[in-house]
Trainee: 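Starting off with a structure, shown below.
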Amino acid sequence: MIREDCMFCRILDGEIPADIIHESDAAIAFRDINPQAPTHVLIIPRRHISTINDLDAGDEEVVGSLFMAAKDIAQQEGLAEDGYRVVMNCGEGAGQSVFHIHLHLLGGRLLNWPPG
Ligand code: DGP
């Protein structure tokens, strides 16, 4: 279901342009508008889910599709060998600013731990 008030649903709908680099039945991936690393890709489900807290039993497949996309994109972007990070923020306190779940895929530089 597309939500008119959701930035990422509008990208899915083609209403807002994005550099889409991966598509599957369940998910799409596009480059982050404000990259925090040489490669910074957002992987989102086609179905609107606001936060991890809103996942339901039965959403395992859609969540899994985000990680399978991350694996393929990391390979495609040449990150698989050196390493990369996938992270999903949940809620404002964790830095979530767009309330349509998305996996950040970051790589191409040394990534410190713990994150800020
Ligand atoms: P988060 O803070 O975890 O909710 O991450 C949201 C990310 O989305 C943030 O890194 C910036 C990115 N972003 C926000 N609006 C747009 C947009 O319109 N296009 C693209 N490509 N990225 C966006």
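No experiment lies behind these values; they were computed from the predicted model shown. All ligand and atom numbering here is 1-based and tracks the order in the structure.
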Trainee: For atom 6 (C) of ligand 1, which protein heavy atom lies nearest, and how many Å away is it?
Mentor: His102 NE2, 3.4 Å
Trainee: Tell me the nearest of Arg10, Arg31, His100 to atom 21 (N) of ligand 1, using heavy-atom distances.
Mentor: Arg31
Trainee: Is there a heavy atom in His104 that sits closer than 4.0 Å to ligand 1?
Mentor: yes
Trainee: May I ask you to list the atoms of ligand 1 that are less than 4.0 angstrom from any heavy atom of Phe30?
Mentor: 20 (C), 21 (N)
Trainee: Give the residue and atom name of whichever protein heavy atom lies nearest to atom 16 (C) of ligand 1, and the separation in Å to one decimal.
Mentor: Ile33 CG2, 3.8 Å
Trainee: If you measure from each heavy atom of Asn34 to ligand 1, is any distance below 4.0 Å?
Mentor: no
Trainee: With a 4.5 Å cut-off on side-chain heavy-atom distances among I, L, V, M, F, W and Y, is there a chain of contacts connecting Met88 to Phe67?
Mentor: yes
Trainee: Answer with yes or no whether Ala18 contacts ligand 1, where contact means a heavy atom under 4.0 Å from a ligand atom.
Mentor: no
Trainee: Is the closest heavy-atom distance from Met88 to ligand 1 below 4.0 Å?
Mentor: no
Trainee: Among protein heavy atoms, which sits nearest to atom 18 (O) of ligand 1, and what does the distance come to when rounded to 0.1 Å?
Mentor: Met7 CG, 3.8 Å
Trainee: Looking only at distance, does His40 have an N or O less than 3.5 Å from an N or O of ligand 1?
Mentor: no
Trainee: To which protein heavy atom is atom 2 (O) of ligand 1 closest, and what is the distance rounded to 0.1 Å?
Mentor: Gly95 O, 2.7 Å
Trainee: Among all the protein's non-hydrogen atoms, which is closest to atom 14 (C) of ligand 1, and how far away is it?
Mentor: Val98 CG2, 4.0 Å
Trainee: Could you see which bit of Ile11 sits under 4.0 Å from ligand 1, with heavy atoms only: side chain, backbone, both or neither?
Mentor: side chain
Trainee: Any N or O of Leu42 that comes nearer than 3.5 Å to an N or O of ligand 1?
Mentor: no
Trainee: Just verifying a value: how many Å separate Asp32 CG and Leu105 CG, rounded to the nearest 0.5 Å?
Mentor: 11.0 Å
Trainee: Distance from Ile73 atom CD1 to Leu66 atom CG, nearest 0.5 Å?
Mentor: 9.5 Å
Trainee: May I ask whether Phe8 places a heavy atom under 4.0 Å from ligand 1?
Mentor: yes
Trainee: Tell me which part of Ser97 gets within contact of ligand 1: side chain, backbone, both or neither, using heavy atoms under 4.0 Å.
Mentor: both
Trainee: Side chains of Ser50 and Arg3: closer than 4.5 Å at any heavy-atom pair?
Mentor: yes
Trainee: Side chains of Leu55 and Ile101: does their closest heavy-atom pair fall under 4.5 Å?
Mentor: yes
Trainee: Calculate, to the nearest 0.5 Å, the distance between atoms CG and CD belonging to Asp25 and Glu61 respectively.
Mentor: 9.5 Å
Trainee: For the atom pair CD1 (Ile21) and CD1 (Ile43), what is the distance rounded to the nearest 0.5 Å?
Mentor: 7.5 Å
Trainee: Atom CZ of Arg85 and atom NE2 of His40: how far apart are they, to the nearest 0.5 Å?
Mentor: 11.5 Å
Trainee: Could you identify the single nearest non-hydrogen protein atom to atom 11 (C) of ligand 1 and state the distance to 0.1 Å?
Mentor: Asp32 OD1, 3.3 Å
Trainee: With rounding to the nearest 0.5 Å, note down the distance linking CZ in Arg31 to CD1 in Ile20.
Mentor: 12.0 Å
Trainee: With a 4.5 Å heavy-atom cut-off, do His104 and Asn89 have their side chains touching?
Mentor: yes
Trainee: Quick one, Val98 and Ile44 - any side-chain contact, counting heavy atoms below 4.5 Å?
Mentor: no
